[in-house]
Amino acid sequence: MPKITLPDGATKDFNKSVDIDEIALSIGKGLAKATVAGFVNEELVDASEKVSKDSRIKIVKNTDDEGIEIIRHSCAHLFGHALKQIYPEAKMAIGPTIENGFYYDIDLPKSLNEKDLVSIEERMKELASKDYRVIREVVDRKKAIKIFEEREEPYKIEIINEIPDDEIIALYHHNEYVDMCRGPHVTSTRHLRSFKLTKVAGAYWRGRSKNKMLQRIYGIAWASDKDLKNHLDFLEEAEKRDHRKLGRELDLFHFQEEAAGMVFWHSNGWSIYRELEDYVRRRISKAGYQEIKTPQLLDKKLWEESGHWDKYIENMYTTVVDERELMIKPMNCPGHIQIFNQGIKSYKDLPLRMAEFGSCHRHEPSGALHGLLRVRNFVQDDAHIFCTEEQIESETILFCDLLKGIYQELGFNEISIMYADRPEVRVGSDDIWDKAEESLINAAKATGLPFNENKGDGTFYGPKLDFYLHDAIGRAWQCGTLQVDFNMPGRLGASYIGEDNSKHIPVMLHRAILGSLERFMGILIEHYEGRFPSWLSPIQVAITTIVSEVEDYSNKIEEEFRSKGIRTIIDTRNEKINYKIREHSHNKVPFILVIGKKEKENNTVALRRLGSADQEILHSNDCLKKIINETIPPDLKE
RNA sequence: GCCCACGUAGCUCAGGGGUAGAGCACUCCCUUGGUAAGGGAGAGGUCAAGAGUUCAAUUCUCUUCGUGGGCACCA
């Protein structure tokens with residue numbers, strides 16, 4: 001006679017064993033309808049699970065996080081059910097949940113296309129409406145293998161063979177379909193209403209590129225149509241912000257096939273880029289960095305010494321001149337060490353912070369290219385800090401401060417840190433790793449930013465911190481990084497004379513704040529949806545004339561603005577003011593000045609800000625002052 | 001690199017075995033108009049590149065290049 005204790009402490013007695021659905025029903029009809037699973041003493045189970053002993057029960061509703069997860073998982077099975085009805089020859093591989101939905105990898109000779117997805121989705125809806133019971137069956141390994149042999153599912157058998165002996169194997173049946181899963185799952189397909197198959201793609205079996213490529217069908221699934229629609233709206237919003245689309249519309253940059261993966265920056269885009277670079281230059285200069293510039297081509301010898309030749313030759317561009325093999329640099333560090341190595345360094349020179357806006361080329365695989373976000377030629381806001389082991393912590397703290405300030409001034413207020421420690425294969429003594437790891441953790445914690453750990457994910461040459469910023473629609477982007485390096489300085493012969501008058505190898509901190517400027521530009525464009533803060537805006541002011549007789553006056557104002565460094569254009573075209581305002585608004589110019597006869601007579605301008613229909617009549621000098629004030633970069637403001 | 005889809009005017013896209021069309025943008029003319037599209041006319045394309053099939057290819061087939069979505073990769 002089980003006694004059930006609910007989360008609020010209330011208890012219920014039953015005179016026979018009951019399942020979660022029945023418990024939910026005993027509380028209320030509405031709750032029963034929304035019940036997809038339950039916790040029995042903290043263990044997540046199917047809603048059909050029988051409870052026969054006294055237990056603590058928590059009902060999982062379709063809107064709970066666990067509930068949505070279960071719905072997504074069950075949707076993957078529903079997909080399998082529909083797919084096998086249409087394509088009985090399909091072999092099912094693996095169908096897990098992912099953020100916002102699920103996917104299923106299948107092996108099917110016929111290539112599915114978007115149209116096929118529509119018909120599969122329709123079949124899924126039909127099946128869901130049949131309200132099939134989803135029945136769980138625990139089986140032994142033999143039976144599981146037998147069933148999947150009969151069903152000709154080799155991938156499932158492969159999975160079964162890797163399940164540890166002590167783990168139970170559960171099958172889930174709805175009507176004729178059977179899938180294997182840890183569960184839990186919904187008890188009826190009626191819970192599966194708000195889903196959509198979104199795309200079909202290739203994916204390697206078990207994620208290994210040596211294996212067969214399967215077809216992966218992606219779907220999204222939510223508890224309600226409203227949530228589904230919200231997510232579709234989000235996708236639409238992301239599409240509107242797509243930097244490739246905005247790059248074209250705002251005349252920022254283009255790509256063409258003669259230089260795949262390399263950017264042609266147009267005047268507008270380059271203006272933002274330079275403003276951004278200048279800003280970072282000022283910030284790091286204040287932070288005690290020296291800026292340098294190293295060659296684009298370096299002899300193969302150096303890359304052999306650094307170890308890059310062995311590991312990355314596939315992705316490096318090479319050239320031969322005068323029988324000498326040269327490589328276009330894929331990174332800046334070896335060059336920086338060459339500068340460090342000039343002359344004899346003392347411990348008094350450390351920490352030495354060496355920065356370069358270094359242009360690097362990497363031959364990324366063709367399939368990896370993606371607008372500005374993954375390119376073959378990029379510029380890093382790169383720097384290397386040569387320091388002693390003792391200085392790692394203080395340098396990391398300074399760096400975190402700098403990074404935080406820069407992100408915030410660029411409009412990103414939500415930042416998080418990922419810490420990665422020693423991997424299995426590594427260089428350097430445990431003693432030095434201990435110290436370095438502790439330094440990074442202390443420094444990261446001192447920032448007060450959210451902090452996560454990624455065990456064993458450090459590089460072979462040292463632990464690292466990765467920095468993520470979160471954009472206007474909540475997406476996280478990894479940009480900044482700080483990597484401790486115990487390896488390369490020694491390999492390339494860097495040393496300094498310590499207080500003890502003997503030679504030591506410095507530690508090197510690789511660090512970047514924006515990462516690749518190209519990629520960061522892409523992120524900025526999407527974050528601001530092309531409406532940049534006015535200090536970054538490629539065109540800050542558009543002067544528009546109403547009638548041609550104010551042209552002289554308007555030209556004079558344009559000249560004044562330009563002479564003060566305000567990026568100004570003038571539009572004296574034979575068009576109506578409505579037309580001009582519309583166009584400059586589309587181009588996201590932050591300040592539009594309208595000049596007609598009245599303004600000319602009074603030596604004023606009408607100022608209209610982007611996104612507002614209001615106008616402000618100002619004396620032209622006052623307007624200039626105002627705009628100068630509002631276009632000062634954040635680091636130069638009082 | 002792998003899988004699927006796609007590549008037509010500057011942009012967004014329609015079309016389809018008999019060598020092309022729309023809207024916007026562009027040029028010119030009329031209009032001098034007060035805060036998100038005034039009217040008219042015109043110009044603009046080797047239909048990604050190469051090969052094949054065909055009397056005939058932008059259209060069908062193949063190859064290459066590029067783009068998109070994923071996978072793999074990302075020092």
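Chain identifiers are assigned alphabetically (A, B, ...) following the order of the sequence lines, protein sequences preceding nucleic acid strands; residue numbering begins at 1 within each chain.
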(request) Provide, to the nearest angstrom, the distance between the CH2 atom belonging to A/W205 and the C1' atom belonging to B/G70. (result) 18 Å
(request) Tell me what A/K580 touches on the nucleic acid: a base, only sugar-phosphate, or nothing, going by heavy atoms under 4.0 Å. (result) nothing
(request) Using a 4.0 Å heavy-atom cut-off across all strands, classify A/I577 as base, sugar-phosphate, or nothing. (result) sugar-phosphate
(message) The criterion is side chain to side chain donor-acceptor pair (under 3.5 Å); which residues satisfy it with A/E424, sequence neighbours excluded?
(response) none
(message) What's the gap between B/U12 and B/A51 when it is taken at their P atoms, as a whole Å value?
(response) 29 Å
(message) Could you tell me if A/Y419 and A/N452 have a donor-acceptor pair between their side chains, going purely by distance under 3.5 Å?
(response) no
(request) Classify the nucleic acid contact of A/R216 as base, sugar-phosphate or nothing, counting any heavy atom under 4.0 Å across all strands shown. (result) sugar-phosphate
(request) Identify, between A/N578 and A/V547, the residue whose nearest nucleotide on RNA chain B lies closer to the 5' end. (result) A/V547
(request) Tell which nucleotide pairs with B/U35, taking only Watson-Crick or G-U wobble pairs whose two distances are both under 3.5 angstrom. (result) none
(request) Report the base-pairing partner of B/G17 (Watson-Crick or G-U wobble, both distances below 3.5 angstrom), or none. (result) none
(request) Find the distance A/M213:CE to B/G70:C1' and express it as a whole number of Å. (result) 9 Å
(request) Could you encode protein contacts along nucleotides 62-69 of chain B as a string, one character per nucleotide from 5' to 3', using B for base contact, S for sugar-phosphate-only contact and - for no contact, with a heavy-atom cut-off of under 4.0 Å? (result) ---BSSSB
(request) Measure from NZ or CZ of A/R216 to the centre of the six-membered ring of A/Y103, then state whether that distance is under 6.0 Å and the direction lies within 45° of the axis. (result) yes
(request) Quickly work out the A/K576 NZ to B/G33 P distance and round it to whole Å. (result) 9 Å
(message) Can you check the distance between B/U8 and B/G38, where both ends of the measurement are the P atom (answer in whole Å)?
(response) 30 Å
(request) Both distances under 3.5 Å, Watson-Crick or G-U wobble: report the partner of B/G1, or none. (result) B/C71
(request) Would you check if there is a donor-acceptor pair between the side chains of A/T294 and A/K329 at a distance under 3.5 Å? (result) yes
(message) Need the pair for B/C28. Rule: Watson-Crick or G-U wobble, both distances under 3.5 Å, any strand; none if unpaired.
(response) B/G40
(message) Is the terminal nitrogen or CZ of A/K199 (NZ for Lys, CZ for Arg) located under 6.0 angstrom from the six-membered ring centre of A/Y218 and within 45° of that ring's axis?
(response) yes
(message) Assess the residue pair A/H584 and A/T544 against the criterion (side-chain hydrogen bond (donor to acceptor under 3.5 Å, both in side chains)); give the C-alpha distance rounded to whole Å, side-chain angles, the decisive distance to 0.1 Å, and a yes or no.
(response) CA-CA 9 Å; A/H584 299 299; A/T544 57; over 6 Å; no
(request) Tell me which nucleotide among B/G34, B/C71, B/A36 gets nearest to the side chain of A/S585. (result) B/A36
Distances under 3.5 Å between protein N/O atoms and the N/O atoms of nucleotides 23-28 of chain B, please, pair by pair.
from	atom 1	to	atom 2	distance (Å)
B/A25	OP1	A/Y579	OH	3.1

(message) Output the rounded distance in Å from CZ (A/R206) to C1' (B/C3).
(response) 20 Å
(message) When you compare the side chains of A/S359 and A/N377, does any donor N or O come within less than 3.5 Å of an acceptor on the partner?
(response) yes
(request) Rounded to whole angstrom, note down the C1' distance from B/U53 over to B/G70. (result) 35 Å
(request) Please work out if A/R374 contacts a base, only the sugar-phosphate, or nothing of the nucleic acid, heavy-atom cut-off 4.0 Å. (result) base
(request) Assert yes or no for the condition that the ring centre distance of A/W222 to A/F195 is strictly below 6.0 Å. (result) no
(request) Using atom CG of A/D457 as one end and atom P of B/A75 as the other, report the distance to the nearest whole Å. (result) 10 Å
(request) Indicate whether the side chain of A/K580 and that of A/T545 have a donor and an acceptor atom separated by less than 3.5 Å. (result) yes
(message) What is the distance, to the nearest angstrom, from the NZ atom on A/K245 to the C1' atom on B/C11?
(response) 12 Å
(message) Can you tell me the base-pairing partner of B/G50? Count Watson-Crick or G-U wobble geometry only, both distances below 3.5 Å, and say none if there is no partner.
(response) B/C62
(request) Quickly work out the A/L610 CG to B/A36 P distance and round it to whole Å. (result) 13 Å
(message) Taking atom types as they are modelled, would you say the side chain of A/Y204 forms a donor-acceptor pair with the base of B/G70 within the 3.5 Å cutoff?
(response) no
(request) Whole angstrom is fine here: how far is it from CD1 in A/I106 over to C1' in B/C3? (result) 12 Å
(message) Can you confirm whether the side chains of A/D485 and A/H510 place a donor and an acceptor under 3.5 Å from each other?
(response) yes
(message) Say we look at B/C74 and B/G16: how far apart would their P atoms be, to the nearest angstrom?
(response) 46 Å
(message) Please classify the nucleic acid contact of A/Y461 as base, sugar-phosphate, or nothing, using heavy-atom distances under 4.0 Å.
(response) sugar-phosphate
(message) If you assign A/S548 and A/D614 each to the RNA chain B nucleotide with the nearest heavy atom, which residue ends up on the more 5' nucleotide?
(response) A/S548
(request) Indicate whether any N or O donor in one side chain lies under 3.5 Å from an N or O acceptor in the other, for A/H336 and A/E356. (result) yes
(message) Give me the distance, rounded to whole Å, that separates B/U19 from B/G33 when you measure between the P atoms they each carry.
(response) 50 Å
(message) Applying a 4.0 Å non-hydrogen cut-off, can you work out what A/G307 is touching in the nucleic acid: base, sugar-phosphate, or nothing?
(response) nothing
(message) What's the gap between B/G42 and B/A5 when it is taken at their C1' atoms, as a whole Å value?
(response) 38 Å
(message) Using a heavy-atom cut-off of 4.0 Å across all strands, would you classify A/E314 as base, sugar-phosphate, or nothing?
(response) nothing
(request) Report yes if the distance between the aromatic ring centroids of A/W270 and A/F253 is under 6.0 Å, otherwise no. (result) no
(message) Can you tell me which nucleotide in B/G34, B/A72, B/C74 comes closest to the side chain of A/R362?
(response) B/C74
(request) Report the nucleotide, chosen from B/C2, B/U35, B/C73, that has the shortest atom-to-atom distance to any side-chain atom of A/E364. (result) B/C73
